[in-house]
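Only one structure is covered here, and it is reproduced in the block below.
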Amino acid sequence: MRRVYLDNSATTPVDPAVVEAMMPYFTEIFGNPSSVHWFGREAKVAIEEARYKIANFINADPSEIIFTSGGTESDNFAIFGVALSGLRKGKKHIITTKIEHHAVLDSCLYLQKNGFEVTFLKVGSDGVVDPDDVRKAITSKTCLISVMHVNNEIGTIQPIQEIGMIAMEHGIPFHTDAVQSFGKIEVDVKDLKVDLISASAHKIYGPKGIGFLYVRNGVEIEKFHHGGSQEAGRRAGTESVPLIVGFAKAVELCAERMKQDYEHVSSLRKRMIEKINDLFAEFGDILILNSPYDKTIPYILNFSINSGKIDIDAEALIYGLDLKGVAVSNGSACTSGSLKPSHVILALGRDEKTSLATVRFSFGRWNTIDDVDYAVEKFAEVVKNFVGRAVLKT
Ligand SMILES: Cc1ncc(COP(=O)(O)O)c(C=O)c1O
């Protein structure tokens, strides 16, 4: 059976050039970067070269990059680290949005349970936060604003620069989760006016288990990995040199081909919309496009089946595609054996059933037009199966 991978926002295959760059750091250049001898120094140099490359890519200073184990740790570090610093000054209010990744959302919920006040901002039906809502939510107690750059379920791009200006006017640290934008669209920390950025390697053809947190020099942040003095005393623990080198190689490749990749996935996205319009015409308007037409990246296309038109079993939808060889995802969380609707799709104003029956297609560097055609044909077959069985609501 043919297998098509359209879940690149979940993770990407590692680029062979990245694997090649990493290999010597498992065997030949294996020293502990904290060791003073030659073996250690060689490993340390590799880390600093990687830090320099990555910093350069986002227009930051190398001293502002802290390597972490990935996006989740970077988000936790930013939220807890800045919140704890705020607490020392008697500030216990955080502003974030309803559509953040769980790494941000759950960190904020934890702080809320432990005495912080958190404002979860709504988004419009296009999935975009209104910067004016951020301004209105600010109080004298606000110690952190965290708004994601690109949403991982629907692909919307948030007005980060405008929010950054507001945060700057009020002297409030501003964090953005850039896990879905980094390496795909330009992320320039100075242009975006951000103080902290989270990023991860495995979304951009790098290895899993490595990411970074950018912290602008001067921003106060408490560390929460205690021990050695790695990462300038901000994150203890022996660094994974192969992963760091692989991350930098992945970034180097993105720097070279970001425009080319962007154009390629744009053509895939365009093709998918055309093909869907074509093959789904016979079903009437049962599909709702959750990704907006503009203010979005082309890497993600998210659809819901309109529950007002047809009852659909969300699990059967995803597994149906899987059985036909098409790997996609939906934002629904499986808790205690039952599916919970995606908080992002709910935030767009969709009802629970529609929010459950969601499919996210996410494109990557190596997908082809053929992959898209195959996926849409299988998608139409799965839906047709439901249409055949269910009574179509009119
Ligand atoms: C927006 C966003 N933030 C954070 C993460 C977590 O990153 P990681 O898998 O590197 O921990 C993800 C992963 O899907 C994401 O999409």
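Note that the numbering runs from 1 along the sequence shown for the chain. Just so it is clear, the values below take in all heavy atoms, side chains as well, and ignore hydrogens, waters and symmetry mates. Remember, it's 1-based here, ligands and their atoms both numbered in the order they're listed.
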Taking the six-membered ring for Trp, are Phe224 and Phe77 ring centroids under 6.0 Å apart?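 Ring-ring flag for Phe224/Phe77: true, centres closer than 6.0 Å.
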Between atom OG1 of Thr96 and atom CG of Leu109, what is the distance when rounded to the nearest 0.5 Å? 9.5 Å
Within 45° of the axis and under 6.0 Å from the centre of the six-membered ring of Tyr299, does NZ or CZ of Lys184 qualify?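 Here Lys184 passes the 6.0 Å and 45° test against Tyr299.
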Should Arg235 and Phe67 be marked as a side chain to side chain contact (heavy atoms under 4.5 Å, CB included) after you check the CA-CA gap, both sets of side-chain angles, and the distance that decides it? CA-CA 8 Å; Arg235 188 210 185 242; Phe67 286 114; over 6 Å; no
When you look for protein heavy atoms under 4.0 Å from ligand 1, which residues do they belong to?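 Under the 4.0 Å cut-off, ligand 1 touches Gly70, Gly71, Thr72, Asp75, His101, Met148, Asn152, Asp177, Val179, Gln180, Ser200, His202, Lys203.
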Aromatic plane relationship, Phe379 with Phe303 - under 30° parallel, 30 to 60° tilted, over 60° perpendicular: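 Ring orientation of Phe303 relative to Phe379: tilted.
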Using the side chain to side chain contact (heavy atoms under 4.5 Å, CB included) definition, which of the options Asp373, Leu301, Asp371, Asn277 pairs with Met272?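 Only match with Met272 under side chain to side chain contact (heavy atoms under 4.5 Å, CB included): Leu301.
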